[in-house]
Protein chains: 2
Amino acid sequence: MDTHAGRYVTLEQVANAAEVSLATASRVLNGGDRVVRAELRDRVLAAARKLRYVPNAHAQALAGGATTTVGLVMHDVSDPYFSSITRGAIEVATRGGALVMLGSTFRSPEREIEYVSALRAQRARAILLVGSGFADPEYQRAMRTELENYRDAGGRYAFVSHHDLPGDAVLPENRAGGAAIARALLELGHRRFAVASGPRTLTTVAHRLGGFAAELASAGIPESDLLVIERDFTEDGGYAAARELVAAGIPATALFCVTDVMAIGALMALREHGVPVPERLSLVGFDDIPIVRHLSPALSTVALDLNRMGREAMRLVLTDAPPGPPRRVRIPAELVLRESTAAPPG
Amino acid sequence: MDTHAGRYVTLEQVANAAEVSLATASRVLNGGDRVVRAELRDRVLAAARKLRYVPNAHAQALAGGATTTVGLVMHDVSDPYFSSITRGAIEVATRGGALVMLGSTFRSPEREIEYVSALRAQRARAILLVGSGFADPEYQRAMRTELENYRDAGGRYAFVSHHDLPGDAVLPENRAGGAAIARALLELGHRRFAVASGPRTLTTVAHRLGGFAAELASAGIPESDLLVIERDFTEDGGYAAARELVAAGIPATALFCVTDVMAIGALMALREHGVPVPERLSLVGFDDIPIVRHLSPALSTVALDLNRMGREAMRLVLTDAPPGPPRRVRIPAELVLRESTAAPPG
DNA sequence: CTGTTAGCGCATTCAA
DNA sequence: TTGAATGCGCTAACAG
């Protein structure tokens with residue numbers, strides 16, 4: 001497939017029609033505030049409009065002009081967590097005159113690296129890596145060199161969530177959020193806990209779970225007493241985890257799901273098995289994606305300003321980096337107690 | 001901001017390192033299955049790897065090579081309706097080796113046209129316009145010429161949902177879906193209906209509402225008896241519509257919301273005002289976005305295979321167009337009765 | 001203020 | 001099979 005480039009109207013054609021030089025046409029059409037006499041300017045503008053001229057972004061990029069694309073790489077656009085972040089990112093990108101290229105990796109490390117490479121080929125002005133990275137050392141190494149190359153060539157990038165890689169980042173307070181949940185549950189009187197977890201190799205999972213367990217430990221409940229059920233980081237994973245919990249006779253009075261999406265799956269399984277929430281089992285999620293307030297019972301969770309995360313990340317990357325260590329923008333995690341939590345039965 | 005192009009490794013550098021000509025390096029690296037002796041081929045490959053060569057997509061495009069970006073323009077990525085479609089589209093784009101550029105217009109006609117123009121500047125291989133167009137004649141005219149220019153230059157485009165513009169399209173059976181809802185409600189015994197509608201200038205709204213009203217009419221209920229409350233095409237819009245319905249004393253036993261997202265807002269308002277669903281008022285949505293089955297009461301709605309819509313649209317546009325009239329892919333609308341509908345009170 | 005010119009990195013003729 | 005040369009459309013010196 002070709003670019004069918006020849007059939008587009010070129011600057012040169014516009015210049016000819018306006019009877020000015022190529023350079024002049026360039027100045028008025030794509031040159032920002034370059035100085036051109038009003039008369040010529042009008043002629044060029046008229047010709048461009050008449051011919052429906054659209055600049056060739058590739059030629060502009062190649063000739064050393066601006067590149068206006070920024071890349072966004074994430075696990076799954078259709079996950080509300082990511083789509084909310086994406087929305088924020090697009091908002092500020094648009095305001096900054098940038099176009100967003102979106103990659104959905106469906107949690108494949110290879111695909112993530114491929115996307116970064118493709119974005120590099122596009123000479124994207126910046127890349128946002130959204131969602132936690134993978135613990136796999138092979139991935140770490142590959143991604144690190146990919147990003148180093150990109151940065152060495154002048155590209156800017158930032159992370160949303162932890163990546164164990166150097167670079168600016170927007171970091172939700174996962175650990176504190178996990179701890180806050182533990183504290184709230186303890187205060188309600190809970191003593192036996194279960195966790196529906198994603199793969200612990202994901203840093204996000206590790207941090208949320210870590211904060212939760214640490215807080216319990218400091219209240220005298222050892223990590224060994226904690227029933228951690230590890231499943232996919234998805235709604236189905238939450239469903240499976242809850243089923244397993246039920247199968248085990250529900251040896252807990254509270255279930256912490258490391259994401260709202262998992263909590264939704266868990267809630268479905270619990271409902272199917274007739275387990276009353278919160279009467280028999282308190283349920284807590286994490287993220288506060290838009291819909292969970294509409295569930296019933298409305299889900300208790302830890303709120304993250306997802307939109308803001310996207311905005312901040314895009315800002316980080318569209319803005320000049322000050323010298324010094326990588327910048328980090330902390331996103332506060334705020335506990336929101338709704339209907340799915342209560343005192344333990346009995 | 002510049003492309004920092006000079007700092008990228010170029011094909012020429014690879015060729016020099018491999019001690020072959022530029023042309024040969026091009027052939028092995030980006031030339032598909034061009035014939036090159038194994039020895040030279042290996043030398044080039046080794047040099048490229050060593051130098052971490054990444055082709056410059058802009059240069060490739062400019063030189064007449066392939067353009068691998070496809071554009072996706074929609075109202076709002078964070079709306080589950082669109083993000084589900086997006087996911088499907090990205091899936092097949094990725095399989096086809098294409099990169100997706102995403103534009104979120106937030107329902108601004110101007111922005112939609114700007115995006116198409118930007119995509120044209122990018123020489124995007126194809127453009128998908130997702131979500132219904134605007135009735136505004138000024139917009140229609142502008143978009144039509146924008147698309148004509150794009151197509152004349154060899155670009156391909158398709159619509160998801162109606163646009164009143166010529167071109168291939170993936171069309172959900174909105175009218176039939178609306179009619180199916182009316183039929184089901186009539187069968188349950190309902191006779192007094194309200195609709196929470198988005199702007200009727202949106203063709204999607206017009207069709208869903210039209211199918212609904214026509215079916216009622218053929219059952220002897222004139223359109224003038226139908227209470228249509230027109231608000232934003234959003235959750236807030238649904239909320240506002242339901243509040244108004246409550247303020248009016250709920251002169252109906254069934255409420256049809258033209259989208260699930262609006263139904264979610266409506267449900268929230270009804271809950272706040274203590275209106276039992278479905279006992280006092282039956283509620284029906286449209287789309288079957290993933291979450292509505294988790295609401296309580298679980299929402300009755302019309303299911304559309306959103307993912308498939310995205311996939312089909314991308315396929316339409318990545319595939320060679322057969323001669324003849326525009327292609328249309330019909331997406332069946334299937335009524336799903338869940339808990340939010342019941343016989344009218346009394 | 002305006003026009004001329006030289007590349008940007010690559011695919012592709014055309015010769016060899 | 002390989003190499004040398006041309007041009008894609010545009011921007012950025014540079015000269016006028």
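All heavy atoms count here, side chains included; hydrogens, waters and symmetry mates do not. Protein chains get the first letters and strands the later ones, always in sequence-line order, with residue 1 at the start of each.
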Separation of [N] [atom2] from [X] [atom1] (nearest whole Å):
| X | N | atom1 | atom2 | value |
| --- | --- | --- | --- | --- |
| B:R120 | D:dG9 | CZ | C1' | 15 Å |
| A:N16 | C:dG3 | CG | P | 12 Å |
| A:L11 | C:dC8 | CG | P | 20 Å |
| A:R27 | D:dA12 | CZ | P | 11 Å |

Worksheet entry | Pairing of A:E312 and A:R315 as salt bridge, 4.0 angstrom limit |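 Yes, A:E312 and A:R315 are salt-bridged.
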Go through [options] for me and flag the one nearest to the [X] side chain.
| X | options | result |
| --- | --- | --- |
| B:A63 | D:dT2, C:dG9, D:dA13 | C:dG9 |
| A:P55 | D:dC10, D:dT2, C:dA11 | D:dC10 |
| B:T10 | C:dT2, D:dC10, C:dC10 | C:dC10 |
| B:Q60 | D:dC10, C:dT2, C:dA11 | C:dA11 |
| B:T24 | C:dA11, C:dT4, D:dT2 | D:dT2 |
| A:A23 | C:dG3, C:dC8, C:dG9 | C:dG3 |
| A:A59 | C:dT12, D:dG3, D:dG9 | D:dG9 |
| A:L62 | D:dG9, C:dG3, D:dT2 | D:dG9 |

Item to complete: Could you tell me the separation between the CG atom of B:L306 and the OH atom of B:Y81, rounded to the nearest 0.5 Å?
Response: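 Going from CG on B:L306 over to OH on B:Y81, the span is 6.0 Å.
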Item to complete: Quick one: pull up CG in B:L128 and CE in B:M309 and give me the separation to the nearest 0.5 Å.
Response: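 B:L128 CG to B:M309 CE: 10.5 Å, rounded to 0.5 Å.
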Worksheet item: Residues in side-chain hydrogen bond (donor to acceptor under 3.5 Å, both in side chains) with A:R43, at least two apart?
Response: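 Expected list: A:E39.
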Practice prompt. Report the residue (A:Y53 or B:V20) whose heavy-atom-nearest nucleotide on DNA chain D is the more 5′ of the two.
Written response: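 Its nearest nucleotide being more 5', the pick is B:V20.
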